[in-house]
Every structure is written in structure tokens, then in C-alpha cells.
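Numbers restart at 1 for each chain; the letters A, B, ... are given by sequence-line order, proteins then strands.
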Amino acid sequence: MWNKTTSDTQFYYGIIGHDALLVKQIDTTSIEVHCSSNKLQGLPIDDFIRRYLTLDIEIGTVFRRGFADHYPDVWAIARRYLSVRVMRQDPFETMVTFMCAQGIGMGLIRRQVSMITERYGEELEVNTDFGSLRLHTFPSPSVIATADVNDLARCTNNNRIRAANIIRMARSFESGSMALACVQSGECPLETLRDALCVHSGIGLKIADCIALFGLGRFDAFPIDTHVRQYLQEWFGIEAARRSLTERNYRYLQDEARNILGEEYAGYAGHILFHCWRKEIRKMNTF
DNA sequence: CTCCAGGCAATTG
DNA sequence: CAATTGCATGGA
């Protein structure tokens with residue numbers, strides 16, 4: 001998860017494993033990129049950033065050729081958001097985050113994740129020009145696997161069911177079954193991956209697709225939430241999007257979306273549209 | 001007090 | 001099999 005300091009200087013930071021990555025804007029033409037290590041997850045810093053921020057994805061190929069011609073009105077708005085990047089985030093962190101994202105607002109989601117890192121993560125001291133920042137790593141699966149339900153629930157909106165689900169998922173991660181699914185996630189069919197994720201209580205179709213897209217680099221995964229459902233109806237005239245997201249309708253709408261956006265990058269393109277919809281149409285400022 | 005917020009699972013038809 | 005109904009919680 002990324003954050004911005006409240007100082008007047010633009011200053012962003014994120015924790016990658018046990019290292020900190022900091023980006024500071026020093027003037028109108030340049031930034032400083034600081035990392036607490038010269039390697040991140042075994043990769044030289046430049047290679048890691050390239051992969052983490054999916055700079056290896058040619059953004060011009062995310063929307064298939066012909067999209068602009070077929071949907072000129074949508075394209076007129078969406079083309080301003082082609083700088084949006086879907087990150088390749090840590091799988092476990094992504095699982096916990098989206099398990100916290102059910103029927104709840106973005107502000108509360110972020111608060112839950114922050115509280116989890118502060119309660120269960122390891123404290124990191126990062127020195128900057130502004131002084132030292134006290135940051136926290138995201139806890140490992142083993143830490144969450146041994147957490148007390150009531151204790152974790154204090155971080156999950158006091159929702160004990162959610163806390164219990166997260167703990168059970170972490171234990172599955174520990175046992176190796178979830179880790180194996182992650183290792184194989186790159187090449188297995190999307191349906192197989194989704195099945196492996198959905199055996200866990202608290203992970204349904206939508207959250208499984210979010211994990212695949214944001215945590216496992218499966219840019220073909222296309223999660224459908226309330227916002228996606230709305231733009232599928234408003235922007236693409238899909239009447240079925242008026243009806244509720246039953247499993248059958250969810251799958252049907254996914255097929256429709258793939259017809260419009262293509263198979264390979266349906267989710268990547270979909271997230272750009274998601275962000276665009278919230279910002280431009282719903283005028284939402286939360287992120 | 002009501003309604004909503006990046007759904008899920010159990011229960012019916 | 002597929003649709004409908006509870007649900008859990010904090011904040012606006």
C-alpha cells in the first residue's frame with residue numbers, strides 16, 4: 001500500500017517486503033527515487049520497479065485496436081487515464097486487503113490495512129530529509145496464521161468473521177496449498193486459479209478476480225463490483241448489468257466485457273475504466 | 001434513524 | 001442449478 005506524506009512537498013512511500021521505496025518530487029522537472037536496499041526481492045532496483053509498476057506492459061496494447069473506433073465517447077474520457085498502472089503487488093498482501101474490502105468504503109479498507117501493518121508488521125525506521133518515518137512491513141502469512149481472532153478483529157472493523165476468514169486463509173498459505181496456487185497462477189486457466197482461491201471462506205468470485213489481477217499479475221482477470229457493473233451498463237449498454245450480480249450474471253457480464261475489451265488485458269483495461277468512472281462520472285476523490 | 005460502502009454464504013424455489 | 005435473502009460494521 002502506498003501513502004503520501006502530509007508535508008507540502010510531494011513525497012510518496014511504500015513498503016516492499018522489508019524495504020522502503022520512497023519517491024520525492026524535488027522540483028517541477030525531477031524526482032528522487034530512494035530505496036533502502038539496492039535490491040528488491042532479488043532484483044536490481046530498476047528491474048524491480050519496472051516489473052512492480054508493470055512498465056513492461058505496453059499501454060498502447062492494453063486496449064485492443066478498434067476500441068477507440070467502436071466506443072469513441074468512452075475513449076474520449078478513458079484516454080486521459082492511460083497513465084494508470086495496475087501494480088504487481090504481493091499476493092498475500094493483496095489477499096488480505098481484498099478480503100477486507102467487502103461491503104465497505106475505501107476509507108475503511110485503507111484503515112483496516114494500516115491497522116494490520118501497525119499491529120502485526122515489523123517496524124521500519126526510514127530516514128528522509130524530513131526526518132525519520134516510522135513505517136511497518138506487511139505481516140507474513142505465518143504471523144497472521146497465529147494471530148488471535150479477537151485481536152485481529154480490532155483491525156478489521158471489529159468484524160470477527162472477517163478476521164477468522166483471514167486467519168484461515170493465512171493458515172492455508174502456510175500449509176503450502178495457497179502458495180502452490182500462487183506459483184502455478186501464471187500459467188493455469190483463470191477458472192482453475194479462481195477455484196483454488198474460492199475454496200476459502202470469505203473469497204468469492206469478485207475477490208478472487210481481484211487477487212488474480214492485482215496480486216498475481218493475471219491481467220486477463222476481470223473483477224466486477226458495483227462500479228464496474230454501472231459502467232458496463234452506462235458506457236456499453238449492457239442491459240444485464242442492471243440486474244444484480246448473481247454468479248450467473250457475473251459470469252455473463254465477464255463474457256460481455258471480454259468481447260469488448262479482449263481476452264489478454266481485459267482486467268487491466270477494466271481497471272483503467274473503473275478508475276475513470278469513479279473519478280469522472282461519480283466525482284469520487286477517495287482512492 | 002436510514003442508507004450506503006470495490007460481496008459472500010446460507011437458504012430457498 | 002439459480003435466484004433471493006441475511007449478514008456485519010462504521011460512517012455520512
Give every donor-acceptor pair under 3.5 Å between a side-chain atom in residues 159-173 of chain A and any protein atom, sequence neighbours left out.
| from | atom 1 | to | atom 2 | distance (Å) |
| --- | --- | --- | --- | --- |
| A/N159 | OD1 | A/I161 | N | 3.1 |
| A/N159 | OD1 | A/R162 | N | 2.9 |
| A/R160 | NE | A/N150 | OD1 | 2.6 |
| A/R160 | NH2 | A/N150 | OD1 | 3.1 |
| A/R162 | NE | A/M99 | O | 3.3 |
| A/R162 | NH1 | A/C100 | O | 3.4 |
| A/R162 | NH1 | A/Q112 | OE1 | 3.3 |
| A/R162 | NH2 | A/Q102 | O | 2.8 |
| A/N165 | OD1 | A/R168 | NH2 | 2.8 |
| A/N165 | OD1 | A/S201 | OG | 3.2 |
| A/N165 | ND2 | A/I161 | O | 3.4 |
| A/R171 | NE | A/A145 | O | 2.9 |
| A/R171 | NH2 | A/A145 | O | 3.2 |
| A/S172 | OG | A/S177 | OG | 3.0 |
| A/S172 | OG | A/H200 | NE2 | 2.8 |

Worksheet entry | Side chain to side chain, A/V126 and A/Y13, heavy atoms closer than 4.5 Å | no
Worksheet entry | Per A/R248 side chain, nearest of listed nucleotides C/dT4, B/dG7, C/dA2 | C/dA2
Practice prompt. For DNA chain B, find the residues of residues 220-242 of chain A with a heavy-atom distance under 4.0 Å and give them by number; none if there aren't any.
Written response: A/D225, A/T226, A/H227
Discussion item. Quick check on A/R251: does its CZ atom have over 12 non-hydrogen neighbours (other residues, nucleotides or ligands) under 6.0 Å away?
Written reply: yes
Item to complete: Could you walk me through whether A/V228 and A/F222 pass the side chain to side chain contact (heavy atoms under 4.5 Å, CB included) test, one step at a time?
Response: CA-CA 9 Å; A/V228 174; A/F222 189 87; 3.7 Å; yes
Discussion item. If only side-chain N and O atoms count, and only distance matters, is there a donor-acceptor pair under 3.5 Å linking A/D195 with A/T192?
Written reply: no
Worksheet entry | 5'-most by nearest nucleotide on DNA chain B - A/M284 or A/C198 | A/M284
Discussion item. Is there a path of hydrophobic side-chain contacts, each under 4.5 Å between heavy atoms, that joins A/I109 and A/M115?
Written reply: no
Worksheet item: Within the distance-only criterion (no hydrogens, no angle test), does the side chain of A/Q41 pair as donor or acceptor with the backbone N or O of A/G17 below 3.5 angstrom?
Response: no
Practice prompt. Please answer whether the main-chain N or O of A/T54 pairs with a side-chain N or O of A/R85 as donor and acceptor at a distance below 3.5 Å.
Written response: yes
Expected rows: protein N/O vs nucleotides 11-13 of chain B N/O, under 3.5 Å:
none

Worksheet item: Just checking A/I207: base, sugar-phosphate only, or nothing, at a heavy-atom cut-off of under 4.0 Å?
Response: sugar-phosphate
Worksheet item: Out of B/dA5, C/dT4, B/dG7, which nucleotide sits closest to the side chain of A/R282?
Response: B/dA5
Worksheet item: What distance, rounded to whole Å, do you find between the two P atoms, one in C/dA8 and one in B/dT11?
Response: 13 Å
Worksheet item: For the side chain of A/S36 and the backbone of A/A20, is there at least one donor-acceptor N/O pair under 3.5 Å apart?
Response: yes
If you look only at distance, which donor and acceptor atoms sit under 3.5 Å apart when one is on a side chain in residues 68-75 of chain A and the other is two or more places apart or in another chain?
none

Worksheet item: Is the backbone N or O of A/N249 less than 3.5 Å from a side-chain atom of A/T246, with the two atoms forming a donor-acceptor pair by type?
Response: yes
Discussion item. Does A/F236 have more than 12 heavy atoms from other residues, nucleotides or ligands lying within 6.0 Å of its CZ?
Written reply: yes
Can you give me the N/O atom pairs linking the protein to nucleotides 9-12 of chain C at distances under 3.5 Å, or say none if there are none?
| from | atom 1 | to | atom 2 | distance (Å) |
| --- | --- | --- | --- | --- |
| C/dT9 | OP1 | A/N158 | O | 3.0 |
| C/dT9 | O3' | A/N157 | O | 2.9 |
| C/dG10 | OP1 | A/N158 | ND2 | 2.6 |
| C/dG11 | OP1 | A/R111 | NH1 | 2.8 |

Worksheet item: Across the strands shown, which category fits A/Y250 at heavy-atom distances under 4.0 angstrom: base, sugar-phosphate, nothing?
Response: nothing
Practice prompt. Would you jot down, in residue-number order, the residues of residues 269-279 of chain A having a non-hydrogen atom under 4.0 Å from DNA chain B?
Written response: A/F274, A/R278
Practice prompt. Determine yes or no for a side-chain-to-main-chain donor-acceptor pair under 3.5 angstrom, with A/R258 supplying the side chain and A/A266 the backbone.
Written response: no
Discussion item. Has A/D19 got a side-chain atom pairing as donor or acceptor with A/C35's backbone, closer than 3.5 angstrom?
Written reply: no
Item to complete: Check the distance between B/dC8's P and A/M95's CE and give it to me in whole angstrom.
Response: 15 Å
Worksheet item: A/L197 CG to B/dC8 C1': how many Å, rounded?
Response: 15 Å
Worksheet item: Rounding to a whole Å, what distance do you find between A/E247:CD and B/dG7:C1'?
Response: 13 Å
